[in-house]
Trainee: 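So that we are looking at the same thing, I have put the structure below in structure tokens.
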Amino acid sequence: MAHLSLSTEEDAMTYVPVHCPDCQGVDVVRYGKQRHGPQRYRCNHTDCPRHIFLLEYRNHGRLPAVKQQMVDMALNGSGIRDTARVLRVSPTTIINTLKKKRQAYSKSTKDFFSVLMLSKCRSSSTR
């Protein structure tokens with residue numbers, strides 16, 4: 001289990017457990033460092049959708065909450081530049097995020113509609 005160590009005035013070490021931001025699990029281990037120095041962590045929980053994370057992100061456009069705000073603002077009619085200005089991220093980041101969300105959405109809806117059509121075909125053939 002990974003701990004974040006904090007030193008106090010008495011030079012005694014205090015350990016704070018690191019929690020996964022998605023599953024809130026404490027089964028987290030240190031997983032190397034990024035090029036610019038921040039420590040990476042890995043969640044060992046098998047059902048966790050996100051395995052590698054940082055405690056503090058330098059690029060706020062990669063945070064899941066900010067990505068969700070990008071999608072919400074696009075659905076509410078905000079433009080790319082307006083969203084970039086409000087969220088303080090690059091317009092390129094917004095375009096890439098929306099493209100990825102669109103691909104995931106179109107794939108999931110295709111799967112949904114194919115299952116739906118298959119079930120309709122089966123139900124009509126049993127009549």
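Worth knowing before you read on, the calculation uses all heavy atoms, side chains too, and leaves out hydrogens, waters and symmetry mates.
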Trainee: What is the distance from atom NE2 of His45 to atom NE2 of His51, rounded to the nearest 0.5 Å?
Mentor: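 Taking NE2 in His45 and NE2 in His51, the distance rounds to 10.5 Å.
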Trainee: Over all heavy atoms of both residues, which pair between Met70 and Thr83 is shortest? Give the atoms and the distance, please.
Mentor: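 Heavy atoms of Met70 and Thr83 come nearest at CA-CG2, 4.3 Å.
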Trainee: What's the separation between atom CG in Asp27 and atom SG in Cys43, rounded to the nearest 0.5 Å?
Mentor: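 With rounding to 0.5 Å, CG (Asp27) is 6.5 Å from SG (Cys43).
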Trainee: Could you grab the distance from atom CD of Gln68 to atom OG1 of Thr97, nearest 0.5 Å is fine?
Mentor: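 So the CD of Gln68 and the OG1 of Thr97 are separated by 11.0 Å.
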Trainee: Could you report the tightest heavy-atom contact between Cys20 and Phe53, atom names first, then the distance?
Mentor: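 It is CA-CZ, 3.9 Å.
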Trainee: Starting at CZ of Arg42, measure out to CZ of Arg30 and round the result to the nearest 0.5 Å.
Mentor: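 Rounded to the nearest 0.5 Å, the CZ-CZ separation comes out at 12.5 Å.
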Trainee: Tell me which one of Ile94, Leu87, Thr93 satisfies side chain to side chain contact (heavy atoms under 4.5 Å, CB included) with Ser90.
Mentor: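 The passing option is Thr93.
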Trainee: Check whether Val28 and Tyr31 end up in the same hydrophobic cluster, where Ile, Leu, Val, Met, Phe, Trp and Tyr are linked by side-chain heavy atoms less than 4.5 Å apart.
Mentor: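 The answer is no; the residues belong to distinct hydrophobic clusters.
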Trainee: Are Ile80 and Leu98 close enough that some pair of their side-chain heavy atoms sits under 4.5 Å apart?
Mentor: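 When only atoms from C-beta onward are counted, Leu98 and Ile80 do touch, with a gap below 4.5 Å.
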Trainee: Donor-acceptor check, side chain of Gln39 to backbone of Gly32, threshold 3.5 angstrom: yes or no?
Mentor: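 Side chain of Gln39 to backbone of Gly32: a pair is present.
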Trainee: Measuring from His19:NE2 to Leu55:CG, what's the distance to the nearest 0.5 Å?
Mentor: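 Taking NE2 in His19 and CG in Leu55, the distance rounds to 10.5 Å.
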Trainee: Can you get from Leu75 to Met73 by hopping between Ile, Leu, Val, Met, Phe, Trp and Tyr side chains that sit under 4.5 Å apart?
Mentor: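 Result: yes, single cluster for both.
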Trainee: Side chain of Asp82, backbone of Ser78: donor and acceptor closer than 3.5 Å?
Mentor: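 Looks like no, no N/O pair under 3.5 Å.
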Trainee: Nearest 0.5 Å, what's the CD-CZ distance between Gln34 and Arg40?
Mentor: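 CZ of Arg40 is found 6.0 Å from CD of Gln34.
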